Structures are given as structure tokens and as C-alpha cells.
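Since we're looking at a predicted model, the values are computed, not measured. In what follows, every heavy atom counts, from backbone to side chain, and hydrogens, waters and symmetry copies are set aside.
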Amino acid sequence: MEANRITAPRRGSLRTVVDRLLALGRRVEQKPQSRPQARPQAEPPAALHFEHVVGAVDLLAHVDSDLRFIYVSDASLRFIGYHREYLETITLHELVAQADVARLDALLVRASASGNVEKATLGLIKSLTYPITVELRVVRNSHNGIDGFAIAGFDVSAWRASEERLIQALHLDRLTNLANQSALIPALLEAQQQADAHGTPAALLLLDIDDYQRVNRALGYDAGDDMLRDTARRILNMTGPNETVARVASDEFAILVKPAANRTDAAAAAEALARRLLTAIQQPYVFSGQQVHLSASIGIALYPDVRHANDTAAHDTHLLRWADHALLQAKSAGGNTLAFYVPDDNPADAERLKLEADLYDGVRNGEFSLHFQPITSSRTHGVVGVEALIRWMHPVHGLVPPSMFIPLAESVGLINFLGNWVLKVACMQLIQWDARGISLQYVAVNVSPQQFRDPRFKDAVREAIELTGIDPRRLVFEITESLLMHDPAHAKVLLEDLTAMGIRFAVDDFGTGYSSLAYLQRFPLAKLKIDRSFVENLLTSRNDQAIVSAVVGLAQTLDLELVAEGVETEAQRSLLTEMGCDHIQGWLVCKALPSDELAQRFEARSLHLHSA
């Protein structure tokens with residue numbers, strides 16, 4: 001009978017097999033016996049029907065307590081390739097591959113102790129030639145009054161072979177025929193466990209080809225693949241049989257170095273191998289007759305590392321993480337070099353991560369608010385407008401400076417949300433002040449480069465205008481020179497579209513970036529803001545005076561309004577006014593205040609509106 005070679009039967013099928021095998025044993029026992037029979041029997045009539053029913057089973061047998069065969073089905077004889085007479089002379093031990101004898105004994109011990117069906121996968125020697133993989137299921141039983149075991153076996157060799165092929169495919173890099181990262185991880189964990197148990201340090205090298213993508217761009221992907229295969233061969237030529245080589249990324253290779261007696265020897269061996277690999281990679285590659293010169297960067301990590309003595313995660317691939325960190329250090333140094341892992345224990349990094357998390361909480365918890373700083377006429381000292389400035393009141397750290405949290409918001413992708421929120425709140429506040437009789441000409445809002453480049457920015461502006469009903473001509477967007485020069489074509493189109501709506505633009509921190517008459521003529525701008533760095537030493541620095549004078553002349557020529565930031569003394573204001581600066585902003589007039597406090601300043605007449 002032919003068994004199913006791919007899928008082992010379900011538990012229900014096995015239960016049927018075993019139950020009927022036990023029943024067969026009992027049925028035979030009920031017949032009068034002159035003495036126990038110890039030789040393998042041919043099929044009794046009751047067994048013929050039984051074998052037909054359980055045809056999916058490859059091996060059906062009874063053995064006595066000494067593991068001698070007392071019953072074997074005809075189909076089983078065909079399956080294992082032996083004559084019944086031969087089985088009379090051997091035990092089950094002699095059918096099992098030598099390496100699996102201990103597993104068979106353990107299986108029988110479990111079956112004897114539990115009285116239940118127990119199973120194990122073993123190798124059976126077929127026809128005295130080769131082993132086949134069989135799943136044996138064994139239960140304690142008696143046959144013809146002889147105590148022993150009932151055995152059912154299923155051929156799983158084809159299934160096991162398929163499994164091994166799949167495992168090999170999953171752990172093999174098909175381009176280079178090296179191990180891949182899935183195969184490397186168990187080797188790394190084993191090396192770390194051995195290092196912990198025996199004190200034999202492990203070392204891992206991560207090798208990355210410098211600027212490998214230029215090969216793909218210049219010569220095509222076939223050339224790139226060919227050079228990766230060549231790189232794999234060069235690495236294998238440089239490593240020994242006890243070292244594991246794997247391709248873990250597109251152009252990144254890992255080399256797990258054999259254990260050393262101590263950390264010093266491990267570091268020396270790893271460095272020596274790394275330098276040989278750097279030299280090997282520098283040798284010319286050839287593709288279609290064309291020579292290509294490459295270089296590599298190598299990161300090296302040793303395990304264990306006393307600087308991480310508290311890292312106790314048993315299943316963490318420390319070596320891979322540390323070597324990757326070292327590889328980044330080598331790349332940062334310019335490439336074509338090696339670097340050992342050096343932990344970065346800068347507490348500022350941990351504080352930054354904590355602050356990033358707090359930033360999200362701050363948005364959810366409403367910890368942000370707007371302060372407003374007045375901008376006054378240099379002639380009348382009256383307030384013409386205000387600049388909206390975002391503030392973050394952290395529940396633990398207090399007021400967090402914008403210079404700290406604005407870059408964080410940009411890095412984690414919150415700046416667009418915060419920028420749009422500032423725009424809406426600033427517009428609403430201007431309308432609320434109107435209702436209290438404080439009618440300012442405009443409110444200025446800072447626009448970040450990310451916000452400006454967001455395709456939805458124009459829609460967000462329209463939404464804020466429609467939501468608040470503000471006149472767009474009362475909005476001023478403050479942008480930087482670098483923002484304009486990042487993508488001049490896009491900036492020009494967007495500025496023209498928003499200017500057509502009535503919105504005006506001011507160049508913030510003018511003089512600190514790409515100060516150029518050409519871009520001032522190209523873009524539709526309305527204001528320039530002189531950076532505070534020029535105002536700070538204006539009274540004593542002839543250079544600053546010359547720069548401010550030149551900016552004033554430039555603004556007047558181009559018909560641009562001029563605002564001086566950071567004005568703190570009356571002498572600074574007087575000189576700026578004398579030089580022709582239109583507007584003043586700084587602590588001399590008023591620091592940035594919450595909306596209610598600023599309104600109280602107007603009501604107390606310590607601030608007054610500008611009248612033309």
C-alpha cells in the first residue's frame with residue numbers, strides 16, 4: 001500500500017490507528033494459546049480488514065519489552081524493505097539510525113510512564129542501506145499476552161526534505177550564495193551566549209561599500225550585482241573556515257570572527273582582518289572590460305562590552321547593533337576606514353528623546369499658547385502690528401525656549417500642525433482685539449520651511465481666513481532668505497499666489513543669509529526685518545552701522561518697509577530712526593506678552609495705536 005509522503009495524518013487518524021491496533025491485540029489474545037509466540041506474525045484474518053482501514057500508516061508493528069518484533073504488517077515489510085524472517089533476528093534498536101537510538105529509548109520511557117501515545121521523529125534504516133525520516137507514535141500495549149508496545153510510523157522524509165529546502169532558501173542570499181541576516185542572527189546569539197558562558201569574546205565586522213549606488217547609476221544593476229558577487233568572493237578569501245560571512249543588506253556584509261582567548265586578542269584579530277578587507281576592496285573591479293575602483297567602511301564591535309554590563313536581554317543581538325553604530329562612525333569619518341564601537345552616552349540625547357515624547361503630549365494637552373510682541377512706528381511710537389510667537393509651558397521644565405522645541409517639532413513632523421494652529425489662533429486673536437477696540441493693522445506669523453513646502457499650505461491659509469473672516473491684507477508671513485533660495489521657482493509661484501490673495505511677506509533675519517538684490521527683485525516682498533545681531537552693537541560698530549545704512553537704502557530703493565528687531569535702548573531707536581528705519585520691535589517697546597496682558601497695556605495707555 002502506498003502511504004502519503006507529504007503530510008502526516010491528523011491526530012484523529014492516529015487515534016483510530018492506535019485504537020484499532022490495540023483492539024487487534026486484544027482480539028488475538030482472546031484465542032487459546034499454548035505458549036506466547038515471539039516471532040513476527042503474518043496477517044491473521046482480522047488484521048487484513050484492519051490494514052485496509054489504516055492504509056495511510058506506513059509502519060504498523062508490535063514489539064515486546066525487549067523490542068523484538070511480534071507483529072509486523074505486510075505493508076510495513078514493503079515499506080522498510082525487509083523480509084519477515086530477517087526481522088525475527090533483530091530488535092527495533094537495530095532498525096533505528098545509530099544517532100537516534102537515544103531518542104528512541106527516551107520515547108519508550110515516556111510511553112511506559114504515561115500510558116498515552118507518545119511520538120518522536122527518528123531515522124529508520126531502510127533495506128540496510130539508507131535512513132528515512134519517520135515519525136514514530138508509540139503506546140504501551142500487549143499482544144498475544146506479551147507486554148510491549150504498539151507502533152505506528154509515518155514517512156515524513158519528503159516533508160522534512162521540503163522543510164530543509166525552505167529553511168535553506170530562507171537563510172541564503174541568492175545573489176552571493178552567502179548566509180543572509182536570518183541565518184546570521186542565531187549565530188550571533190550563540191556567539192554571545194558562548195562569550196557569557198566561557199569568557200571567549202566575540203567580534204563582528206560590518207562592511208559597507210562606500211557610495212555603491214553610483215555603480216548602479218553609472219553602469220546599471222547588472223554591474224552592481226556582479227561587483228557584489230565579487231565582493232563576497234573577496235571577503236570569503238580573506239576569512240577562515242570558523243568565521244561566518246553573511247550579506248545583511250544591499251551592499252553590507254557581516255563577518256562574525258571566531259572567538260579569541262581575551263578581549264585584546266579579539267580586538268587585534270578583528271582589526272587585522274578589517275584592514276585586509278579594506279585592502280581587498282580597494283583592488284580594481286572589472287565589468288565588461290572597464291575598471292571600477294571602490295572603497296569600504298567597516299564597523300567593529302566586541303562582545304561582551306563592560307560599558308554595557310547592565311544589558312541583560314538574552315535574545316538581543318548586541319553585536320549587530322553595536323557594529324552598525326560603529327559603521328556609522330566610520331562613514332561619518334569620510335569612509336574608506338574602520339571604526340570600533342564607542343558608546344555614545346551623551347545624556348543630552350536621552351533628554352532630547354524625552355522632550356520629543358513630551359512634545360506630542362504637549363500638543364494633546366494644550367500646553368502651547370501664543371504671545372504677541374508689538375511692532376511700532378519709529379516716528380509716532382504707535383503700534384502698527386504684532387508678531388505672533390509660540391510658547392510651550394512644559395509641566396516640569398516650565399517655559400521651553402522656541403530655539404529648542406521648534407527644531408524638535410521639525411524633526412518629528414509636528415511643525416506643520418503647530419504652524420497651522422498658530423495661524424488660526426493669530427487670526428482669531430486679531431478679530432477679538434477688533435471687538436475690544438484695539439484695531440491693529442496686521443499680525444505677523446512665522447512660516448517654517450517645512451510648512452512652506454507642504455503642498456497643503458495654501459489650503460491651510462484659505463481655511464484660516466474663511467474660519468476667522470480676517471482680511472488677508474492684515475496678514476504678514478515672515479519667511480527666511482534660505483527658504484526662498486531652497487527652491488526659488490516654487491517659492492516664486494507660491495508667493496505670487498498668496499500675494500494675489502492680499503497677504504504680504506517679510507524676509508526675517510535679513511542680512512544673515514543669501515542677501516542679494518537679485519532675489520529681492522524676483523520675489524513679491526513687502527518688508528525686510530533687520531536681524532538683531534546688527535542692532536546689538538549698532539552704537540559702537542562702524543561695520544554694523546554701514547550694513548544697516550546699506551539695508552535702509554536698499555529697502556527705500558525697492559519700496560520695502562523696514563523693521564529693526566532686538567531694539568532695547570532709546571539710543572538704538574533714535575539712531576535707527578535717524579538712519580531711516582520705518583518700524584521698531586524689541587524690549588524697548590514691550591516684550592512678547594499673552595493676548596490679555598497686551599490688551600491691558602493698550603487699555604492702560606502704556607501702549608497706543610499708530611495713527612497715520
Side-chain angles (χ1 to χ4, degrees), residues 165-188 204-241 243-257 270-301 317 319-339 450 453 455 485-490:
R165 286 194 298 270
L166 286 172
I167 291 174
Q168 184 181 27
L170 288 172
H171 290 84
L172 185 71
D173 175 58
R174 298 179 64 180
L175 178 66
T176 62
N177 285 327
L178 296 176
N180 60 18
Q181 185 163 326
S182 297
L184 177 67
I185 297 300
L188 289 178
L204 179 69
L205 282 65
L206 275 187
L207 182 150
D208 184 87
I209 304 298
D210 296 329
D211 198 15
Y212 162 75
Q213 293 303 324
R214 68 186 175 90
V215 176
N216 287 336
R217 292 192 301 267
L219 301 178
Y221 288 98
D222 288 343
D225 290 348
D226 187 70
M227 291 180 193
L228 287 176
R229 285 189 287 266
D230 193 357
T231 299
R233 288 191 291 269
R234 296 183 187 198
I235 294 174
L236 287 173
N237 289 337
M238 292 292 108
T239 54
E243 293 164 336
T244 302
V245 180
R247 179 179 175 228
V248 295
S250 172
D251 58 335
E252 191 170 303
F253 298 83
I255 303 97
L256 180 60
V257 182
E271 181 175 358
L273 175 58
R275 296 198 182 280
R276 292 198 303 271
L277 289 171
L278 289 177
T279 301
I281 302 300
Q282 288 173 344
Q283 303 309 307
Y285 290 72
V286 178
F287 180 77
S288 297
Q290 179 175 343
Q291 284 195 350
V292 178
H293 294 270
L294 299 177
S295 64
S297 299
I298 299 178
I300 306 173
T317 50
L319 272 171
L320 193 58
R321 291 192 292 111
W322 297 345
D324 187 62
H325 192 284
L327 178 60
L328 291 176
Q329 293 172 333
K331 289 284 190 183
S332 299
N336 193 28
T337 188
L338 61 89
Q450 287 186 21
R453 291 192 288 268
M485 302 310 295
H486 176 78
D487 186 352
H490 170 263

*Does the pair D225/R229 count as a salt bridge with the N-to-O cut at 4.0 Å?*
no
*asked:* With a 4.5 Å cut-off on side-chain heavy atoms, are F287 and D230 touching?
replied: no
*Got a second to check how far I281's CD1 is from N336's CG, nearest 0.5 Å?*
10.5 Å
*May I have the step-by-step check of side-chain contact (heavy atoms from CB on, under 4.5 Å) for I209 and M227, ending in yes or no?*
CA-CA 10 Å; I209 304 298; M227 291 180 193; over 6 Å; no
*Closest heavy-atom pair and its distance - A187, L256*: O-CD2, 3.7 Å
*Nearest 0.5 Å please: distance from the CG atom of L188 over to the CG atom of L204.*
5.5 Å
_On a heavy-atom basis, which atom in Q282 and which in H293 lie closest, and how many Å separate them?_
O-ND1, 4.2 Å
*asked:* Looking at R247 and D173, would you say the former's side chain and the latter's main chain have a donor-acceptor pair under 3.5 Å?
replied: no
_Let me confirm one number: the CZ-CE distance from R275 to M238, rounded to the nearest 0.5 Å._
15.5 Å
*Just do the side-chain contact (heavy atoms from CB on, under 4.5 Å) check on L206 and H325 with the steps written out, would you?*
CA-CA 10 Å; L206 275 187; H325 192 284; over 6 Å; no
*Backbone N or O of R233 within a donor-acceptor pair of the N237 side chain at under 3.5 Å?*
yes
*Can any side-chain N or O of N180 pair as donor or acceptor with the backbone N or O of A183 at less than 3.5 Å?*
yes
*V215 side chain reached by D251 side chain, heavy atoms, under 4.5 Å*: no
*For the atom pair CD (E243) and CG (L205), what is the distance rounded to the nearest 0.5 Å?*
9.0 Å
_Checking S297 against D210: is there a side-chain donor and acceptor pair closer than 3.5 Å?_
yes
*I would like to know whether R453 and D487 meet salt bridge (Lys or Arg N to Asp or Glu O under 4.0 Å); could you show each step before the answer?*
CA-CA 9 Å; R453 291 192 288 268; D487 186 352; over 6 Å; no
*Identify the two heavy atoms, one from A301 and one from A323, that lie closest to each other, and give their separation to 0.1 Å.*
CB-N, 3.4 Å
_Between CG on residue N216 and CG on residue L228, distance to nearest 0.5 Å_ = 7.5 Å
*Minimum heavy-atom distance between S250 and Y212, given as atom pair plus value*: OG-CE2, 3.9 Å
_L178 and I235: CA distance, side-chain angles, deciding distance, side-chain contact (heavy atoms from CB on, under 4.5 Å) verdict_ = CA-CA 11 Å; L178 296 176; I235 294 174; 5.9 Å; no
*Atom CD of Q283 and atom CG of L278: how far apart are they, to the nearest 0.5 Å?*
11.5 Å
*Check I298 against A330 and note the closest heavy-atom contact, atom names and distance.*
O-CB, 3.7 Å
*Might you point out which heavy atoms bring R234 and P284 nearest each other, and give the distance in Å?*
NH2-O, 3.1 Å
*Is any side-chain heavy atom of L277 closer than 4.5 Å to a side-chain heavy atom of F253?*
no
